[in-house]
Amino acid sequence: MNPLNHVAIIMDGNGRWGIKHKNSRNQGHKAGLNTVEKIIRETINQKIKYLTLYAFSTENWKRPKKEINYLFNLLESFLQNKIEDLNKKNIKLNVIGSKNFSKKLNRLISASEKKTSKNTTLQINLALNYGSKIEIINALKKLRKNNIKLNETNLSKYLQTKNTPDPEILIRTGDTKRLSNFLLWQLAYAEIFFEKKLWPDFDEKDYIKIINKFKKIKRNFGNI
Ligand code: IPE
Ligand code: IPE
Ligand code: MG
């Protein structure tokens, strides 16, 4: 059976779900939060140590202001209301992406990270204003500035996912088969699962099915 330490998820399909069920994309984002909670719970049940969730990409700024504001308000109240609970569950929260939001949100993120920094059951990397290409460029710039030899190990150390093993599984919900600038380096050998279901409809059973399928895959890594 394949070991499993890290699951990465592109949580896609909220907007379509919202339009279909509530005639509002934003209501889809709200519904998507329930799935986030379910998946966190099951990740702990499965004893998986790292979970990286794509919540907002560097490209998502192209969306209408109204939707962007709704998303960030949702995030703010999630952090305000749930950080205590995450902390009790011994979860460490780590935000990846460029942290240049409102003062209030920046402060909330820093406080949440600090509060949970010593926790060890599960590390959640929340990808917010995250883009993989800019992450790689920034890592390369730092290596050059510090005169550090450019090789795979050193580059990995300067990515925002430093100290996190590469994901063995990538899940993308929402019936779309692309990476959308997510973890391009880190996913080099990931097993990829594209799910038809929209994120708010995705549940523990779907998640467990993927995990069980993954465990039986013959992972070659170039070997035979
Ligand atoms: C993913 O759902 C969540 C974010 C990008 C914030 P979408 O909002 O992309 O949902 P669809 O793809 O439009 O249905
Ligand atoms: C990717 O979904 C980003 C997140 C899930 C946060 P998008 O819905 O933004 O991706 P594209 O634009 O369809 O590729
Ligand atoms: Mg989408």
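Counting convention: from 1, in listed order, for ligands and their atoms alike.
Every residue two or more places apart in sequence or in another chain that forms a side-chain contact (heavy atoms from CB on, under 4.5 Å) with Glu42 is listed here: Asn45, Gln46, Glu204, Tyr207, Ile208.
By the 4.0 Å heavy-atom criterion, Gly13 is counted among the residues contacting ligand 1. For Ala55, the heavy-atom gap to ligand 1 drops under 4.0 angstrom.
Residue-ligand proximity, Arg16 to ligand 1, at heavy-atom distances under 4.0 Å covers atoms 11 (P), 12 (O), 14 (O).
In the candidate list Arg63, Met11, Glu59, Arg178, Arg63 is nearest to atom 7 (P) of ligand 2, counting heavy atoms. Comparing Asp12, Leu53, Ile9 against atom 8 (O) of ligand 2, the shortest heavy-atom distance belongs to Asp12.
Only the side chain of Leu71 comes within 4.0 Å of ligand 1, judged by heavy-atom distances. Under 4.0 Å from ligand 2, the heavy atoms of Arg172 that appear belong solely to its side chain. By the criterion of a heavy-atom distance under 4.0 Å, neither the backbone nor the side chain of Ala127 is placed next to ligand 2. Of the heavy atoms in Thr176, none comes closer than 4.0 Å to ligand 2. With a 4.0 Å heavy-atom cut-off, ligand 2 is reached by the backbone of Phe56 but not by any atom from C-beta on.
The shortest N or O to N or O distance between Arg25 and ligand 1 is under 3.5 Å.
Distance from atom 9 (O) of ligand 2 to its nearest protein heavy atom, with residue and atom name: Asn60 ND2, 2.8 Å.
Atom 14 (O) of ligand 2 is flagged as protein-proximal [any protein heavy atom, distance under 4.0 Å].
Taking distances strictly below 2.8 Å, the protein N/O/S atoms close to the Mg ion (ligand 3) are Asp12 OD1.
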